[in-house]
Asker: 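Would you mind keeping the following structure in view while I ask a few things?
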Amino acid sequence: MSGDGRASEGGEEEVRGARRIPGPRGAVDDLDLESVPRPLLPPPGPAAPDGAVPEQSAAEPPGPATPERAGPEPSGPEDSGPEDPGPEDSGPEDPGPEDAGPEQADPEDAGPAQAGPEQLAPHPFAPHPATPDQATPEPLMTSAPGTGLSHRVLQALLGAWALSACSAEETAAVEDHLTECAPCADEALRLRDAVGLLHTDGSLDLDPTLRSRVMDGCLGRRPARIPVPEHAAPYDAETARLDALLRDIGDSEWHAPVRLRWFEEEREVSRRTTVAGVIGHLTAVDGLLSAALGLDDPLGRGETPQDPIERTERYWSAAQRPPTRTVREPWRAQSHELIRTASFAGRNVAEASVSYGAFALPLQDALLDRAFECWVHGGDIADAVDYPYQAPAAAHLHRMIDLAARLLPAAVAGRRRAGLAGPAKELVTAGAPGRSVHLEIEGHGGGDWFIALDSPAALGSPERTVAQVALDGVEFCRLAAGHISPAEAAAGQEGDREAIRDVLFATASLSRL
């Protein structure tokens, strides 16, 4: 049909009954429907009764259309007439069934003669009018009252709001919106929970007891054919923890400076080296155990020194200068070999003597000593590279404290011979109870020990206690490692002051390079 309402000369009769293709519709999320202008619609008229519209055929000749009003039905002759035409009246120039009123044609097939000036080109995004029996749907996107921000914008701000990165106005708008929109409120809760995981106050490192718990669980299901002996378990755990630290650090951190500290007589002594130098020191001293078990000594064949300091100096002088991360593999291979050999030998070698030059220890105590030094120097390395490092498992730490407590009577006697401790006051026969100091270790790996004062052969006894010292377990180990002085030890003290001083200084004298 042409723009003047007349039938065009083309074959429009052939497509009169075809449904027209509507214009493209945008996705709801692509725009704010509230901002799209709505087209003006004509006032609704009464529904046509059934059978009021006669059937029309395309074969019938076109005739004049019946005048039809958009408003209510006229109530009398005075309400109709040529002087009051309806908005949808068509003149005699607009014949054709397609020009019928709204009741006679589909809304999508209506021609321009039916629509008013505002309906000639309906907006492609305009919603379909609701039928009388349908409820008007709520808009898909709303704006927060008083803010002018749409639902889509407020939803996009939820991530920034969870991170506290919104401005004050945006924060207020989002929080007002969350009180009205349940889906956004649920999403905000999930985002806040995720942000909480990013700001955890706990350490991200693995629990130091994880390895032992996993091994216990595995061995509980299927025991090892050749288990690691109990006296070698602390050394096995501490070498594994230190190796995990070494695997995490970069190449440059192997040259980070480390200060090794220990006590000699009444003063603190230190030695500067690197992370690689510390691993070389552990390799050299662990070689004492390798030699006792018949394994290869890292210092080579021939006459080798027994003193830990001399062995370390020789190893450092023979190693590549400066030492690099290549020292890790030999040290780790040596620790694995020691654990395997001790496991295969079992209790047969537990009492084998390991010489440290000035003193000797049975193999089971020497393995505890090496576990203690591995933990202490692991902490030195961790401090140098700013790495978190925790204390050993409570059961292993208790065994290390027990070893130090058993060595204290001999250490007190050695300081007395050097004139650094008070004289013996009550000599007793070997194995008899003598004057004692009650060493109370609190916290991690704690317990109670009674240290004989007058003779290493005497027996510590609660009945002969003359003083009591209370220390935290880790603090006691730091004192035994020479990392704090006896005066700095945070100790609870009661009783004989001289006896307390002798025990504290004897504990510090257990330290060495």
Asker: Main chain of Phe263, side chain of Ser511: is a donor-acceptor contact present, judged purely on distance under 3.5 Å?
Answerer: yes
Asker: Nearest heavy-atom pair of Ala276 and Val327: which atoms, and what distance?
Answerer: O-CG2, 3.8 Å
Asker: Please check if any side-chain donor atom of His255 sits under 3.5 Å from a side-chain acceptor atom of Thr274, or the reverse.
Answerer: no
Asker: Given 3.5 Å as the limit, does a donor-acceptor pair link the side chain of Arg416 with the main chain of Leu453, or not?
Answerer: yes
Asker: Check the pair Asp307, Tyr356 against side chain to side chain donor-acceptor pair (under 3.5 Å), reporting the backbone distance first and the verdict last.
Answerer: CA-CA 5 Å; Asp307 181 73; Tyr356 284 77; over 6 Å; no
Asker: With ring-ring contact (aromatic ring centres under 6.0 Å, His included) as the rule and sequence neighbours excluded, what pairs involving residues 441-464 come up?
Answerer: His398-Trp449, His438-Phe450
Asker: Quick one: does Glu475's side chain have a donor or acceptor within less than 3.5 Å of a partner on Asp472's backbone?
Answerer: no
Asker: Would you say the side-chain atoms of Gln468 and Gln493 include a donor-acceptor pair closer than 3.5 Å?
Answerer: no
Asker: Look at Arg311 together with Asp297 and state whether they make a salt bridge at an N to O cut-off of under 4.0 Å.
Answerer: yes
Asker: Is the count of non-hydrogen atoms from other residues, nucleotides or ligands lying under 6.0 Å from Glu266 atom CD greater than 12?
Answerer: yes
Asker: Output a table of donor-acceptor pairs, distance under 3.5 Å, between side-chain atoms of residues 423-431 and any protein atom two or more places apart or on a different chain; print 'none' if there are none.
Answerer:
unit_1 : atom_1 : unit_2 : atom_2 : d
Lys425 : NZ     : Glu498 : OE1    : 3.4
Glu426 : OE1    : Arg464 : NH2    : 2.1

Asker: For residues Leu479 and Leu510, determine if any side-chain heavy atom of one lies less than 4.5 Å from a side-chain heavy atom of the other.
Answerer: no
Asker: Okay, side chain of Ser455, backbone of Ala457: is any donor-acceptor separation there less than 3.5 Å?
Answerer: yes
Asker: Do Tyr235 and Asp369 have a side chain donor and acceptor closer than 3.5 Å?
Answerer: no
Asker: When you measure from the side chain of Ser436 to the backbone N and O of Ala452, does any donor-acceptor pair fall under 3.5 Å?
Answerer: no
Asker: Would you say Glu253 and Tyr387 make side-chain contact, with heavy atoms under 4.5 Å?
Answerer: no
Asker: Kindly say whether Gly277 contributes a backbone atom to a donor-acceptor pair with the side chain of Trp316 at under 3.5 angstrom?
Answerer: yes
Asker: Quick test of your reading of the model: are Asp365 and Arg406 salt-bridged, counting only N-O distances below 4.0 Å?
Answerer: yes
Asker: Among Ile484, Ile401, Leu397, whose side chain to side chain contact (heavy atoms under 4.5 Å, CB included) with Phe476 holds?
Answerer: Ile401
Asker: Can you tell me if Gln364 uses its side chain to pair, donor with acceptor, with the backbone of Ala232 under 3.5 Å?
Answerer: no
Asker: Strictly distance-based, threshold 3.5 Å: is any side-chain N or O of Glu313 a donor or acceptor partner for the main-chain N or O of Glu310?
Answerer: no
Asker: I'd like to know if the side chain of Thr304 and the backbone of Gly300 have a donor-acceptor N/O pair within less than 3.5 Å.
Answerer: no
Asker: Can you confirm whether more than 12 heavy atoms, excluding those of Glu494, are under 6.0 Å from its CD atom?
Answerer: no
